[in-house]
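Inspection log for the structure reproduced underneath, given as structure tokens.
Since the model is a prediction, treat every value here as computed from it, not as a measurement. Convention: sequence-line order gives letters A, B, ...; per-chain numbering from 1. All heavy atoms count here, side chains included; hydrogens, waters and symmetry mates do not.
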Amino acid sequence: MERYNAQEVEPIWQKKWVEKGIFKSEENTNKSKYYVLEMFPYPSGKIHMGHVRNYTMGDVIARYKRASGFNVLHPMGWDAFGMPAENAAMQRNTHPAIWTYENINNMRSQLKLLGLSIDWEREIATCDPKYYVHEQKLFLDFLKKDLVVRKNSKVNWDPVDKTVLANEQVIDGLGWRSGALVETKELTQWFFNITKFADDLLLKLDDLKRWPDKVKIMQDRWIGKSTGVKLHFEIKHKTQNIIDKTLEVFTTRPDTLFGASFCAISPDHPIANVLSKENLEIKKFINTCQKQGTTLANIAKAEKIGFKTGITVNHPFIKNKELDVYIANFVLMEYGTGAIFGCPAHDQRDLDFANKYQLEVIPVVLPSNQDSKSYKIINEAFTGDGTMINSDFLNNLSIADAKNLAADTLEKIKINGQAQGEKTITFRLRDWGISRQRYWGCPIPIIHCKKCGVVEVPRNKLPVTLPEDVSFDVPGNPLDRHPTWKHVSCPKCNSPAERETDTFDTFVDSSWYYARFCSPHSEEVLDSKAVDYWLPVDQYIGGVEHAILHLLYSRFFMRSMKITGHVKIDEPFDGLFTQGMVTHETYKNTKGEWLFPEEVKIENNTATHIDTGEEIIIGPIESMSKSKKNIIDPNAIVSMYGADTARWFILSDTPPERDIQWTDNGVEAANKFIQKAWKIIYEGEKYVCKKEEGIPLNFTDEAMKIRKVTHKIISEITEALDNLRFNRAVAYIYELSNSLTTIITDKPKNIDTSMAWALRESLEAYCKLFGPMAPHLAESCWNHLGHTNLLAEQPWPTYEKKLIINETSVIIVQINGKKRGEIEISIDAEQKEVEQKAFNVENVIRAINDNTIKKVIYVPGKILNVVV
RNA sequence: GCCCCUGUGGCGGAAUUGGUAGACGCGACAGAUUCAAAAUCUGUUGUCUUAGGGCGUGCUGGUUCGAGUCCGGCCAGGGGCACCA
């Protein structure tokens, strides 16, 4: 027998698939469609094991669905804009475009080695003007429908690099590259009006039945809807520069108003701002708060500090009661109105604050097990359910009723001609800022004219492309300092004007790429026929790290594209699957330096350096990362074992949503299977009938046995793949392998025609079943069984129901819930019959002994439990 | 602090949703083959045992004829959010 040589064989099948174009997809309204999509990669230069896992899983689904008769769309592209290209440009003095396209070429060829069933003719790169011209059109469409707003916002500004930093690039208040103290700068920026859909984005989460709950919960909390009351406290005493007559406060607990003992505003509140100008101590205090916000977050989190402003407000319900207004470090300007009233008894933060400044603590909610006279709050606020006390007209009500009554009452009271309070809904979600002061992104198609203001670039002048002659040797945005690029004439009045030099956040690029894949070459933004046919994505697969932003932005884009008439539906992804990470042991030498796995030799649980023999410490298992060097290069695995081994390993043993640990033993086992399967087909083929032979009338018991196993396993694997349980599918493949091995190693000499037929049936099903997971091997096996067509074009095997139902079943006999024996009996046997047989089992007789039988429970086909 | 997930042999993990716990794989041990090794194949492999069984799914209590699965309380590990009024 020839050893199966994956490295030699795999390219041959890959070439055949391409030649026959079997992964090309076209709209075909006669067939049900199935759109499989994996999150497209950032072209960093090399694929990593995370990619292998992601794309292998998608490929299994794509191949399985294709075999199951679906018209499958399975495209691939590149999330090609973004900062790493600019960083590379700075470090290596190359152009971002050159670096990016080189990386794309590398990664494309690496991905192709994996034998993925991708329609490469649909490939897109977001940095391609042919792609982003449509993004610019979409932006202008959104602008017309008021989905885009322009407003001021604070950004992290690195004064050395002269650039805006993302939050994650600010480390302890310093720029990650320059180390400069990051400043807060106010810039006018473009925003997508995502808050417009806040309610709908929240509500429709319920309809996403095939999304992980985890992701839905995260989005729910991110949107952060809360219902409450916006209260206008009348300001009683104030300093001269304060012009406000009321202090606006948001609360979800209007029921606790009678327990209010102070008000507090955020250090960033406009009133605090005014005060800081007239009072140096307040200014100092605010500065301390702001420092704590970034650097000392962990230390400061416990301590609640405040500053008494001297301003007081009137209590809305209690005449002549005034509350002091503090500036407090724990009040956030970004949430609600940036001001609160404090009810220490029923909010821990407020209680901590009140205890520090000796403010009164009035309990207004009484837990059911407490007495109102003795009930006191000392160090722990009570946030549970109860009845109202010390609350005048709210007394004895439940919290819910008190909330309603308090809110209704506030709406009726008028101060300064307006209601004192109104029911309000607030969201944590804020509008999506999309302006980035960077070069390597999609230009925002806007021109700023001194006379006409903000002017759209006319559609026929799109795309606004990036200038190529830029340098990265000086800090700052190359678009801004380019000698000619930004200077244009106003499309409206023709006078000198300037281009917008900001580019889009790269999340914009990835918020609609899945739609563009439906018609990647269309002159329109989206071809409605294609989009209506293919969308939504039936199965989207990617890392959970995109649970919020990318997925929420995409959901926003679909809604917006619906308003602009590009699509007809709201939700982009019908099914979502978030796969786990790939992990590996870590290795360090005694100096504490990380080592690559290939530098380490492990014997009997002790590790030594492969060259020097020095002692190596085996560290914890962590997700593969360059910094810890615990990485395995997919290329190395593919060139050593072939793609099928890598694919097989990544699918085996570990459930796909969990982290998978990469081990050498695991890879060996995967490779062993590849060889074993080939051997089964190679040896088994000697005994099978001709492929055109018809089904025999009768089967021997032996033949029947293998047929039954085969059909059972077809049904199991079908179910496993329907539920993305790849590890279980692999286990069932092994089971069939074992059954087939037994037959083949027995080398049946007088094989009869029914066995020859059953064996062919089984071997062909076998190939088809592992086909989606090890596609190259499957083609070789299919070919060896005498077929000249491609397995990738064969239909998924079906099972006969009657072959997976047994005529007899094994009934477990229990005494008091403990297994005491088993009997085999016809599937439709009556309970009486089962009992009779069971009571003749030696073990059962012994166990019952002299005890009297109290009760007998019979679960048909499964269990007979005798209670004695 | 809050929320979510996970906890089953030496290891990765199965268990049709309340019905034989440990499928399948790895590792280990034994045997076959071999001059020998690798590879391959065949067994054995939760644990204690007086060989009848006993005990076993993080701990603990409960519901049930019957619990890995359901409910209450805890413990541990991982992830997410974090002063959200």
Side-chain angles (χ1 to χ4, degrees), chain A residues 1 3 212-218 220-222 224-226 228-229 231 249-253 256 263-264 266 292-293 297-298 300-304 328-332 334-343 346-350 352-353 426-428 544-545 547-548 580-581 605 649 652-655 657-661 663-670 672-673 675-676 679 715-716 719 725 727-738 741-742 745 810-822 843 846-847 854-859 861-868:
Chain A
M1 188 193 92
R3 197 175 156 80
D213 288 339
K214 182 174 54 172
V215 173
K216 289 194 274 189
I217 289 166
M218 282 162 79
D220 187 312
R221 297 192 68 180
W222 186 263
K225 180 179 180 172
S226 54
V229 170
L231 258 168
V249 159
F250 175 74
T251 181
T252 56
R253 296 293 304 269
T256 63
C263 278
S266 160
Q292 278 174 348
N298 289 331
K301 70 177 176 185
E303 177 124 61
K304 312 264 175 280
N329 64 340
F330 64 95
V331 181
L332 303 173
E334 299 81 43
Y335 189 77
T337 61
I340 61 152
F341 78 81
C343 174
H346 305 290
D347 184 291
Q348 192 59 45
R349 292 159 302 178
D350 297 348
D352 293 345
F353 190 81
T426 2
F427 291 93
R428 204 191 86 113
V544 74
E545 67 273 16
I548 297 174
M581 291 182 295
N605 287 328
F649 172 83
S652 311
D653 289 347
T654 305
E657 70 279 7
R658 271 198 231 172
D659 287 356
I660 186 171
Q661 194 194 341
T663 60
D664 289 348
N665 278 337
V667 181
E668 291 291 342
K672 215 159 105 181
F673 164 75
Q675 293 301 336
K676 188 174 171 177
K679 190 177 172 185
S715 95
E716 297 286 10
E719 201 198 317
R725 309 291 290 170
N727 56 320
R728 273 173 61 181
V730 167
Y732 287 119
I733 290 286
Y734 285 143
E735 247 180 62
L736 186 54
S737 301
N738 291 343
T741 306
T742 312
T745 46
V810 175
I811 307 279
I812 303 306
V813 185
Q814 296 181 330
I815 311 296
N816 287 346
K818 287 205 167 130
K819 184 187 167 189
R820 286 299 125 121
E822 54 183 55
N843 261 351
R846 185 167 44 226
K854 283 188 189 156
K855 200 174 171 186
V856 179
I857 292 127
Y858 178 55
V859 184
K862 279 178 182 161
I863 289 257
L864 183 83
N865 191 11
V866 183
V867 188
V868 298

Looking at A:Lys304 and B:C83, is any side-chain donor or acceptor paired with a base atom of the opposite kind under 3.5 Å?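 Checked by distance alone, the answer is yes.
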Interatomic distance at C1', B:C5 relative to B:C83, whole Å: 25 Å
Using the C1' atoms only, state how far B:G46 lies from B:C29, rounded to an integer number of Å. 16 Å
So what is the 5' to 3' dot-bracket string for RNA chain B, if pairs are Watson-Crick or G-U wobble with both distances under 3.5 Å, crossing pairs use [ ] and | means the partner sits on another strand? (((((((..(((......[....)))((((((.......))))))(((....)))..(((((..]....))))))))))))....
Gap between atom CD1 of A:Ile863 and atom CD of A:Gln814 - 0.5 Å precision: 4.0 Å
Output all residues satisfying salt bridge (charged side-chain N to carboxylate O under 4.0 Å, His left out) with [X], sequence neighbours left out; order by chain, then residue number.
| X | result |
| --- | --- |
| A:Arg820 | none |
| A:Lys862 | none |
| A:Asp347 | A:Arg349 |
| A:Glu719 | none |

Of A:Arg658 and A:Ile548, the one whose closest RNA chain B nucleotide lies more 5':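 Here A:Arg658 is the residue nearer the 5' end.
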Checking all strands, does [X] fall into the base, sugar-phosphate, or nothing category for heavy-atom contacts under 4.0 angstrom?
| X | result |
| --- | --- |
| A:Val331 | base |
| A:Thr251 | sugar-phosphate |
| A:Lys854 | nothing |

Length of the line joining [X]:[atom1] and [N]:[atom2], which is rounded to integer Å:
| X | N | atom1 | atom2 | result |
| --- | --- | --- | --- | --- |
| A:Phe649 | B:C11 | CZ | C1' | 13 Å |
| A:Glu716 | B:A14 | CD | C1' | 11 Å |
| A:Lys818 | B:G56 | NZ | C1' | 11 Å |
| A:Leu231 | B:A85 | CG | C1' | 11 Å |
| A:Asn329 | B:A82 | CG | P | 17 Å |
| A:Arg820 | B:C65 | CZ | C1' | 14 Å |

Applying side chain to side chain donor-acceptor pair (under 3.5 Å), can you list everything that pairs with A:Ser737, at least two apart in sequence or on another chain?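 So A:Ser737 forms a side chain to side chain donor-acceptor pair (under 3.5 Å) with A:Tyr766.
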Strictly under 4.0 angstrom, non-hydrogen atoms only: write out the protein contact profile of nucleotides 17-30 of chain B, one letter per nucleotide from the 5' end, B, S or -. --BB--BSSSS---
Taking 4.0 Å as the cut-off, does a side-chain nitrogen or oxygen of [X] come that near to OP1 or OP2 on [N]?
| X | N | answer |
| --- | --- | --- |
| A:Arg725 | B:A14 | yes |
| A:Arg3 | B:A38 | no |
| A:Lys214 | B:C4 | no |

Can a donor-acceptor pair be found, under 3.5 Å and without considering hydrogens, that links the side chain of A:Asn865 to the backbone of A:Ile857? no
Can you sort out the partners of A:Lys819 under side chain to side chain contact (heavy atoms under 4.5 Å, CB included), two or more places apart, ordered by chain and number? A:Ile812, A:Glu822
Output all residues satisfying side chain to side chain contact (heavy atoms under 4.5 Å, CB included) with A:Ala547, sequence neighbours left out; order by chain, then residue number. A:Val215, A:Met218, A:Val544
